[in-house]
Amino acid sequence: MSITLTDQDKLTLRTAAYGAVTLMSAADAAGKPHKAATEGSIALASATGLVGHVLAEYPKDVKLDGKSVAAIADQVLPALTAAVSLLKKQDSAEADNFRRTVLVAVEAAARTHQGQPSPTVADMTRKITEALDAA
C-alpha cells in the first residue's frame with residue numbers, strides 16, 4: 001500500500017518522535033539529560049521504512065520550545081496520538097513501525113542509568129506509551 005503524507009503529516013510525526021525524546025530528556029533533568037537525548041535521537045535516526053525516511057529529514061520545522069515540561073507535553077502527547085492515527089488510516093504496519101520506533105527511542109533514553117529508571121522517567125515513559133496507545 002502506498003502512503004501519502006502531507007508536509008503537515010510529516011511535521012506531526014517528527015514533532016511526536018523528537019518530542020518524546022525531549023520529554024524523556026526533561027524527565028531525566030537530575031540525571032543525564034544530554035545522554036538521554038543523544039541515545040533517544042540515535043534510536044530515531046536508526047528507524048527504517050517510511051517512518052525512517054520521515055525522521056531522517058532534518059527536523060528544523062519541529063518547534064519544542066515550551067517554557068515548561070507541561071507545555072512541551074501539551075504539544076507532544078497529542079502529536080503522538082495523532083501520528084499513530086494518521087498512519088493507521090493508511091497502513092497499520094507503518095503505524096506499528098512508528099509506535100515501535102518511538103518506544104525504542106524512549107527505552108534508549110531511559111537506559112542511561114544503571115539499574116531501574118527514576119520514578120520521573122518511568123512516569124514519562126508511561127505517559128508516552130499511553131499517548132501512542134490512545135490512537
Side-chain angles (χ1 to χ4, degrees):
M1 172 182 258
S2 177
I3 298 178
T4 304
L5 296 177
T6 66
D7 288 343
Q8 183 60 46
D9 292 342
K10 292 176 184 180
L11 175 60
T12 299
L13 267 64
R14 285 192 290 273
T15 298
Y18 285 100
V21 170
T22 299
L23 288 174
M24 291 301 290
S25 178
D28 196 24
K32 299 177 182 175
H34 60 285
K35 188 165 182 169
T38 300
E39 294 295 327
S41 294
I42 289 170
L44 294 179
S46 300
T48 59
L50 174 71
V51 168
H53 289 286
V54 171
L55 297 180
E57 294 176 26
Y58 184 73
K60 67 179 186 287
D61 51 354
V62 175
K63 304 290 186 234
L64 297 170
D65 54 0
K67 296 194 184 288
S68 68
V69 175
I72 295 169
D74 288 346
Q75 181 182 3
V76 172
L77 297 177
L80 287 163
T81 303
V84 174
S85 292
L86 73 89
L87 288 171
K88 269 186 183 178
K89 289 177 185 174
Q90 295 193 49
D91 187 340
S92 62
E94 204 56 48
D96 290 340
N97 182 26
F98 177 80
R99 185 181 182 284
R100 282 190 312 271
T101 297
V102 172
L103 290 176
V104 166
V106 165
E107 183 179 330
R111 290 183 51 145
T112 60
H113 300 281
Q114 299 295 345
Q116 294 186 4
S118 71
T120 309
V121 170
D123 188 50
M124 189 60 72
T125 301
R126 180 191 56 78
K127 290 174 184 176
I128 291 168
T129 303
E130 286 176 355
L132 288 166
D133 292 343

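By the side chain to side chain donor-acceptor pair (under 3.5 Å) test, K127 is found to be paired with D123, residues two or more places apart in sequence or in another chain being considered. The side chain to side chain donor-acceptor pair (under 3.5 Å) search around E94 returns N97, not counting sequence neighbours. For K88, the salt bridge (charged side-chain N to carboxylate O under 4.0 Å, His left out) test picks out no residue, with sequence neighbours left out. Residues meeting the side chain to side chain donor-acceptor pair (under 3.5 Å) test with T6, sequence neighbours left out: D9. The salt bridge (charged side-chain N to carboxylate O under 4.0 Å, His left out) test applied to R99 returns D133, not counting sequence neighbours.
Residues V21 and A105 share a closest heavy-atom pair of CG2-CB, 4.0 Å. Taking all atoms of both residues into account, the shortest heavy-atom contact from A17 to L55 is CB-CD2, 3.7 Å. Of all the heavy atoms in A71 and G66, the pair that sits closest is CB-CA, 4.0 Å. The minimum heavy-atom distance between V76 and A16, with the atom names listed, is CG1-O, 3.9 Å. Heavy-atom minimum distance, A108 versus A43: CB-CB, 4.2 Å. Annotation for A73 and P78: closest pair O-CD, 3.6 Å, computed over non-hydrogen atoms.
Among pairs with a residue in residues 11-26, those fulfilling salt bridge (Lys or Arg N to Asp or Glu O under 4.0 Å) read R14-E57, R14-D61, at least two apart in sequence or across chains.
Taken to the nearest 0.5 Å, the CE atom of M124 stands 10.5 Å off from the OG1 atom of T22. Rounding to the nearest 0.5 angstrom, the gap separating the CZ atom in R100 from the CD atom in E107 is 13.5 Å. Rounding to the nearest 0.5 Å gives a distance of 11.5 Å between CG of L64 and OG of S25. The distance from the OG1 atom of T101 to the CG atom of L44 is 7.5 Å, given to the nearest 0.5 Å. Separating the NZ atom in K32 from the OG1 atom in T38 is a distance of 12.0 Å, to the nearest 0.5 Å. Note that the NE2 atom of H53 and the NZ atom of K10 stand 10.5 Å from one another [nearest 0.5 Å].
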Q: Could you please spell out the steps behind the side chain to side chain contact (heavy atoms under 4.5 Å, CB included) verdict for L50 and L5?
A: CA-CA 10 Å; L50 174 71; L5 296 177; 3.6 Å; yes
**Request:** Test side chain to side chain contact (heavy atoms under 4.5 Å, CB included) on F98 and L132 and set out the steps.
**Result:** CA-CA 9 Å; F98 177 80; L132 288 166; 4.0 Å; yes
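Under the 4.5 Å side-chain heavy-atom criterion for grouping Ile, Leu, Val, Met, Phe, Trp and Tyr, V104 is not connected to L80 through any hydrophobic cluster. Tracing side-chain contacts under 4.5 Å through hydrophobic residues (I, L, V, M, F, W, Y), one reaches V69 starting from L77; they form part of the same cluster.
A donor-acceptor pair under 3.5 Å is absent between the side-chain atoms of Q75 and the main chain of T15, judged by distance alone. Judged purely by atom type and a 3.5 angstrom limit, T12 has no side-chain atom pairing as donor or acceptor with the backbone of A79.
No side-chain heavy atom of T129 sits under 4.5 Å from any side-chain heavy atom of V106. The shortest distance between side-chain heavy atoms of V51 and L87 falls below 4.5 Å. Counting heavy atoms from C-beta on, the side chains of T120 and D28 never come closer than 4.5 Å.
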